[in-house]
Amino acid sequence: MSRTMWIAATLGVVAIMLPDSSLSVKRGSTWTEWWSARTAPASWQPSDTARLGPIAWKSGANGIEWTEIALAGSGEAWRTRVVVARIDPRRVRLRLDTALARDGARWTIDRARPTDVFAINAGQFLQSMPWGQVILEGSQWLGAGRGPLASTVMMDSTGRVSLVHGRGVAERSATWAFQSYPTLLRDGDVPFELQSADRGIDVEHRDARAAIGTLSDGRLVVALTRFDAFGATLGFVPFGLTVPEMTAVMGALGARDAVMLDGGISGQLLLRDAKGDTHSWRGSRNVPLGLVASSR
């Protein structure tokens with residue numbers, strides 16, 4: 001149990017106190033509830049991956065597998081599709097890509113090279129610049145931001161990826177790194193601030209979501225939600241999950257540590273499958289930073 005969870009338990013406030021909502025997953029033609037705000041766990045265990053039931057993973061390019069999961073939520077999230085990719089950093093080369101111009105941010109998934117097999121918008125941003133620390137090829141470009149639920153996604157020279165919570169990282173320890181917020185999971189624990197509506201984080205707002213996490217075996221798991229009421233054409237519409245619901249998605253996917261990425265109309269993802277075909281889910285806003293993987 002983390003220090004935060006120990007304090008919460010000691011104070012007798014470990015019970016989740018969230019606005020009423022639920023999530024169901026589609027299994028065949030049946031919708032099955034797998035998460036509810038009334039019984040939301042304060043800590044996610046490896047066995048909780050069974051909540052979503054069997055997942056049909058598809059073969060992507062070397063080091064990548066992916067799937068799409070149909071969810072039914074509350075309110076505007078009544079039909080939500082989650083695009084999920086699991087990435088083995090030992091079998092791909094990860095990097096950060098920036099694109100800035102005088103008139104603002106220019107990065108989109110269209111910048112992916114033919115040899116790139118995965119791309120997603122990275123971090124959060126202020127106006128046209130990334131928020132928080134960014135390290136590019138071992139050199140710090142932007143300094144660390146401060147916040148109680150800030151996390152740094154860092155990649156070292158061996159390709160290992162880790163999440164560091166609550167602070168930036170030493171420049172010498174990372175080849176690539178970026179900060180984002182809010183933290184969703186710390187070693188499986190849900191941050192105290194996400195367990196109730198009165199702790200400084202908006203736990204009611206709904207939006208399209210994107211998040212990144214690490215699995216216990218060292219792989220990355222990335223999830224992007226799409227509005228799914230009227231098919232792929234309107235998938236970019238920024239209707240979707242709350243922060244606690246996205247936390248639940250990442251916990252049920254097996255993430256031990258996780259942080260949100262910019263969602264809304266910024267969320268965008270590209271991947272290539274085992275046949276080399278491209279699958280893309282576009283946003284409608286350019287961003288300053290992307291996380292990209294290429295084949296080793």
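All values reported here derive from a predicted model rather than from experimental measurement.
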Flag yes if [X] and [Y] sit in one hydrophobic cluster, no otherwise; membership is Ile, Leu, Val, Met, Phe, Trp, Tyr, and two members link when side-chain heavy atoms are under 4.5 Å apart.
X	Y	value
Val117	Val292	no
Leu291	Val92	yes
Ile109	Val83	no
Val82	Leu224	no
Val153	Leu269	yes

For [X] and [Y], which heavy atoms make the closest approach, and how far apart are they?
X	Y	result
Trp176	Leu94	NE1-O, 3.4 Å
Leu18	Ala37	CB-CB, 4.0 Å
Arg282	Arg226	O-NH2, 2.7 Å
Tyr181	Gln124	O-NE2, 2.7 Å
Leu184	Pro191	O-CD, 3.0 Å
Arg81	Glu68	CD-OE1, 3.1 Å

Is it the case that the side chains of [Y] and [X] hold a donor-acceptor pair, with the cut-off being a distance below 3.5 Å and no angle test?
X	Y	answer
Asp189	Ser43	yes
Thr278	Arg272	yes
Thr183	Ser151	yes

**OP:** Verify side chain to side chain contact (heavy atoms under 4.5 Å, CB included) between Thr175 and Met155, making sure each step is shown before the conclusion.
**Re:** CA-CA 6 Å; Thr175 302; Met155 295 146 269; 5.5 Å; no
Working to the nearest 0.5 angstrom, can you tell me the gap between [X] [atom1] and [Y] [atom2]?
X	Y	atom1	atom2	result
Met246	Leu241	CE	CG	6.5 Å
Arg199	Leu194	CZ	CG	9.5 Å
Phe118	Ile64	CZ	CD1	7.0 Å
Leu163	Arg256	CG	CZ	13.0 Å
Trp66	Ser59	CH2	OG	10.5 Å
Thr39	Glu33	OG1	CD	7.0 Å

**OP:** Using the test ring pair (Phe, Tyr, Trp, His ring centres under 6.0 Å), find all partners of Phe239 that sit at least two apart in sequence or belong to another chain.
**Re:** Phe227
Measuring only between side-chain heavy atoms, which start at C-beta, is [X] closer than 4.5 Å to [Y]?
X	Y	answer
Arg219	Glu65	yes
His205	Val243	no
Leu289	Thr98	yes
Leu185	Thr247	yes
Ile201	Phe192	no
Leu71	Val25	yes
Asp116	Leu270	no
Trp57	Val84	yes

Original post:
Can you list the steps and then say if Lys275 with Asp273 is a salt bridge (Lys or Arg N to Asp or Glu O under 4.0 Å)?
Top reply: CA-CA 5 Å; Lys275 298 179 180 179; Asp273 64 24; over 6 Å; no
Original post:
So with a 6.0 Å cut-off around CZ of Arg146, is the heavy-atom count from everything else above 12?
Top reply: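 No, because the 6.0 Å sphere around CZ of Arg146 holds 12 heavy atoms or fewer from other groups.
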**OP:** Could you walk me through whether Leu220 and Thr214 pass the side chain to side chain contact (heavy atoms under 4.5 Å, CB included) test, one step at a time?
**Re:** CA-CA 5 Å; Leu220 286 174; Thr214 51; 4.0 Å; yes
Under the 3.5 angstrom rule, does the side chain of [X] hit a backbone N or O of [Y] as a donor-acceptor pair?
X	Y	result
Ser180	Met260	yes
Gln195	Val190	yes
Gln179	Gln133	yes
Arg93	Gly159	no
Ser74	Ser22	yes
Asp257	Asp187	yes

**OP:** State which residue, out of Gln268, Arg209, Arg285, fulfils the side-chain contact (heavy atoms from CB on, under 4.5 Å) condition with Asp262.
**Re:**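 In the set Gln268, Arg209, Arg285, the residue that makes a side-chain contact (heavy atoms from CB on, under 4.5 Å) with Asp262 is Arg285.
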**OP:** Give the intermediate values and the outcome of side chain to side chain contact (heavy atoms under 4.5 Å, CB included) for residues Leu136 and Leu96.
**Re:** CA-CA 7 Å; Leu136 305 174; Leu96 294 175; 3.8 Å; yes
**OP:** Scan Asn286, Asp97, Asn121 and name whichever one has a side-chain hydrogen bond (donor to acceptor under 3.5 Å, both in side chains) with Trp107.
**Re:**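 The single option meeting the side-chain hydrogen bond (donor to acceptor under 3.5 Å, both in side chains) with Trp107 is Asp97.
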Original post:
Tracing side-chain links under 4.5 Å among I, L, V, M, F, W and Y, which residues wind up in one group with Met154?
Top reply: Ile135, Val164, Val169
Original post:
Should Arg106 and Arg111 be marked as a side chain to side chain contact (heavy atoms under 4.5 Å, CB included) after you check the CA-CA gap, both sets of side-chain angles, and the distance that decides it?
Top reply: CA-CA 9 Å; Arg106 288 292 187 181; Arg111 281 179 57 88; 5.9 Å; no
